[in-house]
Amino acid sequence: MGVGEVGLHLARLLSVEGNDIVVIDRDADRLARVREGLDVMTVQGNGAKSSVLREAGVANADMMIAVTSLDTVNFTACMLAGSLGAKKKIVRLDEPEEVLGDDVAKKAQELGFDLVISPDVLAAREIVRLIRRSAATDVLEFADGRIQILGLKLDLDSPLINKKLKDVTTEYPELPFRAVAISRGIRTIIPTGDDVFRRGDQIFVISKSEAVPEMIKLSGKESVRFENIMILGGKGIGLRVAEELQDDVSVKLIESSKGEAVKLANVLDKAMVIRGEGKDLDLLAAEGIVDMDAYIAVTKDEEDNIISCLMAKHLGVKKTIAHVEKLDYIPLANTIGIDALVNKKLSAANEILKFVRRGQIVSVATLHGVDAEVIEMVAQKGSSVTKKPLRDLKFPDGAIIGCVIHNGTVTIPVGSSRILPQDRVVVFTLPTALRDVEKFFS
């Protein structure tokens, strides 16, 4: 229910995988666009009404996913869906504490909700990870944190520039990593050994967590601890980021609304709250932006976020992070000079996909600006992936195995490596190859 950015992204991915999808939305034009591009059924109407849910066949649904922009509509729809027979319920709540109270998990369980998603919470967590891993543009964790996937932009000082991937692995044999994607302009490359790294490339690598500092050095950067952070926008994401960081670093938060600024000052006991506009260069200068290690822009105006981050970068801020609403903006981050773009709706969709794909898929995530996913799977006994060494497997085009976890030990595999039953494997795959990858592990 709801085909905004979250719902449309989910419908697209889940329909490609062969699921039977019914989409509910009030907007006839949106539904028409969905029908043109996807193999799904559509129902026009308010999903918080039982008559509409019945028309959509909710009584026979394995799962109801309510992701409109209205908390009360999502809440009501999932309650009704449960009473009408839907087996599982996923509800998006932008302000979960306001709807469910302080103990969100307990109340959700009492109400029969299987998963509660807050896009603001997920985006704030992503920003905090990016701040704590200062040189990366993307940070994803797998295998309980023992494996990380890093997005790294290759600077002029990177020793990787103009080298083939196979030569890099030969030169650094002790470094456990695998490059799984290169984003070059608007083009995504799934690399082979003969691909060459270029200056300005955005590369995505799978690495053991202990090897991350060395990987950052190879990108031409230094991972340093950030001490001074400035945040533009105090509602939602900005507040949550400030709450998470204020005990560890000096935080200055800029909010344009006087009333909101007063509320924030009362809530944030260690952060400094400033009333003002992010495009006010004099204000930024007066508040010491040139001394900031990172600048985070998370207002509701994505153009303001992008412009103010570009201003901050021009003034010498080491890392800039902007929240954007349009998914189309994300591939532009590198080309326009911003270190990282975060989209809360994409974060929410990824979290929902993790839940939907339970089974041999342990977890899933989407890389910003790359039309691909990273999935963590369990190899089943008798599956194709366990029968031959990797070099002899006809693994699907558009997919690459990044690492293997066997009995708790993490390895970056080579051609002679074999995957055994119950091994956990991190795979990088294009959406079109996902079904074939699943078959290898089933």
Side-chain angles (χ1 to χ4, degrees), residues 120 123-124 126-138 151-156 185 199-200 202 220-222 224-242 245-246 249-258 260-261 264 268 271-344 368-369:
D120 283 356
E126 185 174 353
I127 290 169
V128 169
R129 282 198 300 270
L130 288 169
I131 290 297
R132 289 180 173 159
R133 183 65 72 191
S134 57
T137 62
D138 297 77
L152 298 166
K153 186 173 182 180
L154 297 186
D155 286 346
L156 182 61
R199 179 189 175 189
Q202 177 85 357
K221 299 177 183 295
E222 291 291 336
V224 296
R225 176 179 166 80
F226 287 167
E227 300 288 347
N228 299 292
I229 310 291
M230 184 175 284
I231 302 171
L232 175 66
K235 294 181 181 178
I237 300 171
L239 172 60
R240 295 179 188 276
V241 172
L245 293 176
Q246 65 177 351
V249 300
S250 173
V251 175
K252 289 184 177 181
L253 190 152
I254 300 173
E255 169 57 46
S256 60
S257 165
K258 180 179 180 180
E260 196 66 31
L264 292 167
L268 298 169
M272 179 183 293
V273 179
I274 303 154
R275 186 190 170 202
E277 298 285 345
K279 289 184 289 188
D280 185 344
L281 195 56
D282 291 336
L283 172 69
L284 296 179
E287 296 301 336
I289 192 169
V290 294
D291 299 320
M292 294 294 139
D293 299 307
Y295 180 84
I296 303 164
V298 288
T299 72
K300 290 185 177 180
D301 189 322
E302 57 193 341
E303 281 79 15
D304 277 0
N305 295 341
I306 291 170
I307 290 169
S308 64
C309 277
L310 291 174
M311 287 168 52
K313 200 69 181 176
H314 178 71
L315 292 169
V317 176
K318 298 185 186 76
K319 186 159 193 171
T320 56
I321 302 172
H323 176 263
V324 295
E325 290 288 330
K326 294 184 181 72
L327 293 178
D328 293 343
Y329 281 166
I330 290 175
L332 300 176
N334 290 326
T335 58
I336 63 177
I338 296 175
D339 294 299
L341 295 180
V342 173
N343 180 283
K344 67 180 182 182
H368 288 171

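- Scanning for side-chain contact (heavy atoms from CB on, under 4.5 Å) contacts around Ala294 gives Ile131, Phe226, Ile229, Lys319, with sequence neighbours left out.
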Note to self: Applying side-chain contact (heavy atoms from CB on, under 4.5 Å) to Leu154 and Arg199, what does each step give before you reach the verdict?
What the structure shows: CA-CA 6 Å; Leu154 297 186; Arg199 179 189 175 189; 5.9 Å; no
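- Contact record, Lys252 with Glu287: NZ-O, 2.8 Å, taken as the closest heavy-atom pair.
- Shown here for Asp339 and Lys313, the closest heavy-atom pair between the two residues is OD2-NZ, 2.6 Å.
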Please set out all donor-acceptor pairs under 3.5 angstrom arising from side-chain atoms of residues 230-242, sequence neighbours excluded.
from: Arg240; atom 1: NH2; to: Glu97; atom 2: OE1; distance (Å): 3.3

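- Smallest separation of non-hydrogen atoms from Arg275 and Ala261: CB-CB, 4.4 Å.
- In this structure, CD1 on Ile254 lies 11.5 Å from OG1 on Thr299, to the nearest 0.5 angstrom.
- The two atoms that bring Asn305 and Val298 nearest to each other are OD1-N, 3.7 Å, heavy atoms only.
- Side-chain contact check for Leu310 versus Ile338: some heavy-atom pair is nearer than 4.5 Å.
- In this structure, the separation between CE on Met292 and CG on Leu284 is 10.0 Å, given to the nearest 0.5 Å.
- Taking CD1 from Ile296 and CD1 from Ile321, the interatomic distance works out to 5.0 Å, rounded to the nearest 0.5 Å.
- Shown here for Lys344 and Ala123, the closest heavy-atom pair between the two residues is CB-CB, 3.6 Å.
- Considering only heavy atoms from C-beta on, Ile274 stays 4.5 Å or farther from Leu253 through its side chain.
- The structure places CD1 of Ile306 at 10.5 Å from OG1 of Thr320, a figure rounded to the nearest 0.5 Å.
- Taking CG of Asp304 as the reference point, atom NE2 of His323 lies at 14.0 Å (rounded to 0.5 Å).
- Among all heavy-atom pairs drawn from Ala271 and Gln246, the shortest one is N-OE1, 3.3 Å.
- Put simply, OG on Ser308 and CG on Leu281 are 11.0 Å apart, with the number rounded to the nearest 0.5 Å.
- Looking at Asn343, its side chain does come within 3.5 Å of a backbone N or O of Val324 through a donor-acceptor pair.
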